[in-house]
A.B. asks: 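Before we start, here is the structure in question, set down as structure tokens.
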Amino acid sequence: SYAFGEPVKDWDSKRREWLKLHPSFAAGAAVDNRVLLVTGSQPTVCKNPVGDHLQLRLFKNKVDYCRIHGLDIFYNNVLLDPKGTGFWAKYPLLRAAMLAHPESEWIWWVDSDAVLTDMEFKLPLEKYKDHNLVVHGWWNMLYEQKSWTSLNAGVLLIRNCQWSLNLLDKWASMGPQGPDPKNWGKIQKSLIKDKAYPGSDDQSALIYLLIKEKSKWADKIYLESEYNLHGYWLGIVDGLDGISKGYLEIDREVDLLRRRHAEKVSLFYGQMREKYMRERGIWRENKRRPFVTHFTGCEPCSGEHNGMYTWEACWNGMQKALNFADNQVLRRFGFVHPDLLNSSWSLSVEDLSTPARGVPGTALLVSKLEES
Ligand code: UDP
Ligand code: MN
């Protein structure tokens with residue numbers, strides 16, 4: 001059954017059987033690395049007049065990433081369970097996605113308000129071969145401080161297997177789909193002191209399971225902190241111009257080589273960049289592109305936020321992150337947004353590489369990037 005309430009049993013052997021019957025999907029190592037990105041947004045029109053525009057651009061960003069890396073993507077904007085609204089909407093969806101896509105080893109949930117800001121970065125799946133759930137987080141912060149921000153549930157990789165289905169059932173049972181969400185809200189609040197939201201939330205529910213049912217779940221959960229599987233936007237967006245600058249020089253060299261050697265070079269585009277980055281120390285975290293920039297708290301659809309920052313800060317941050325990511329896509333087409341705060345226009349890469357041509361905006365961009 002695709003619906004909550006009736007647990008799925010024996011999924012691992014059913015899935016194996018399905019793969020046997022569909023040999024084209026079962027071929028070799030590919031099956032272990034097959035990823036389906038799942039994301040979505042609310043079923044109705046956004047209250048905030050710019051919300052749906054942002055949702056479209058946020059979706060485009062994920063589609064671009066999936067196209068570049070050969071991942072499948074599914075966008076959902078219906079409530080599969082009427083009780084599972086807001087951040088709880090993903091649980092019935094993840095469960096249904098696993099059953100509908102037995103060919104996918106991993107389901108990668110990415111909140112709609114998360115931007116993939118490194119279009120070349122590949123998920124290091126090999127690292128997770130003994131784990132079934134990967135989220136961004138820190139073990140010491142989780143167990144020593146029991147902090148709400150010790151992990152983030154907005155971006156997660158979950159293996160398509162029985163263990164995960166069990167976890168999803170358990171996880172969602174603490175939310176509005178379960179019998180007593182109010183009580184779960186209280187239990188979470190008493191455990192997690194810095195929890196702000198009064199009701200039961202999914203991030204707290206996962207923290208609860210890791211603390212209270214550690215022996216049952218923890219050994220299959222990987223808390224990632226070596227790169228930004230989730231990165232909090234406030235700490236990221238101001239640095240994006242500077243990061244662009246670091247890559248600009250490399251981009252220029254790669255573009256030059258690409259013009260000289262045409263398609264041969266584009267094949268090695270990624271590897272070349274890695275080599276240059278290592279040589280120049282751009283590998284360090286503060287100069288490297290963050291993989292994910294998550295606008296958690298910004299609420300693009302409602303435009304409401306938690307009072308720690310203005311809506312303008314959210315909007316500008318989203319422009320920057322979306323254009324920063326889009327520049328990596330446009331570049332392959334030979335174009336670039338010169339100003340991360342301005343989405344509407346782009347320049348050709350040639351104009352950018354030869355500022356002497358005096359194309360309006362180019363010199364400005366180059367000087368802006370070079371002074372930052
Ligand atoms: N979402 C959904 N359907 C809905 C409402 C939300 O699929 O009806 C998804 C959407 O992708 C959103 C995510 O749930 O990004 C989590 O909510 P949100 O990002 O607002 O939470 P925050 O990150 O701000 O805590
Ligand atoms: Mn979010």
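Whatever order the structure lists ligands and atoms in, that order sets their numbers, starting from 1. Atom set for the values below is all heavy atoms of this structure, side chains included, hydrogens, waters and symmetry mates excluded.
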A.B. asks: Do K62 and Y75 meet the cation-pi criteria used here (NZ or CZ under 6.0 Å from the six-membered ring centre, within 45° of the axis)?
C.D. replies: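 So K62 doesn't make the cation-pi contact.
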A.B. asks: What residues come within 4.0 Å of ligand 1, counting heavy atoms only?
C.D. replies: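 Residue list for ligand 1: G40, S41, Q42, P43, L79, G86, F87, A89, W109, D111, S112, D113, H294, T296, G297, E299.
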A.B. asks: Under the criterion side chain to side chain donor-acceptor pair (under 3.5 Å), I'd like the reasoning laid out for W11 against N160: C-alpha separation, chi angles, the key distance, then a yes or no.
C.D. replies: CA-CA 9 Å; W11 178 239; N160 189 353; 2.7 Å; yes
A.B. asks: Near the Mn ion (ligand 2), which protein N/O/S atoms fall under 2.8 Å?
C.D. replies: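 Listed by chain and number, the atoms are D111 OD2, D113 OD1, D113 OD2, H294 NE2.
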A.B. asks: Treating E105 as the side-chain partner and N33 as the backbone partner, does any N or O pair qualify as donor plus acceptor under 3.5 Å?
C.D. replies: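 Pair absent, no side-chain N/O of E105 close to backbone of N33.
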A.B. asks: For F87 and D111, run side-chain contact (heavy atoms from CB on, under 4.5 Å): C-alpha distance rounded to whole Å, both residues' side-chain angles, the deciding distance at 0.1 Å, then the answer.
C.D. replies: CA-CA 9 Å; F87 39 70; D111 265 12; over 6 Å; no
A.B. asks: I want to check a possible cation-pi pair here: R289 against Y247, using under 6.0 Å from ring centre and within 45° of the ring axis as the test.
C.D. replies: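 The answer is yes, since R289 meets both limits relative to Y247.
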A.B. asks: Does this structure show an ion pair linking E17 with K20, if we count only N-O contacts that are shorter than 4.0 Å?
C.D. replies: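 Yes, charged N to carboxylate O under 4.0 Å.
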A.B. asks: With a cut-off of 6.0 Å (strictly less than), are more than 12 heavy atoms of other residues, nucleotides or ligands near NZ of K182?
C.D. replies: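 Not more than 12 within 6.0 Å, no.
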A.B. asks: Got more than 12 heavy atoms from elsewhere within 6.0 Å of NZ, K127?
C.D. replies: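 More than 12 heavy atoms, drawn from other residues, nucleotides or ligands, come within 6.0 Å of this atom.
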A.B. asks: Considering only heavy atoms from C-beta outward, does the side chain of F324 approach that of I243 to under 4.5 Å?
C.D. replies: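 Side chain of F324 against side chain of I243, heavy atoms only: contact under 4.5 Å found.
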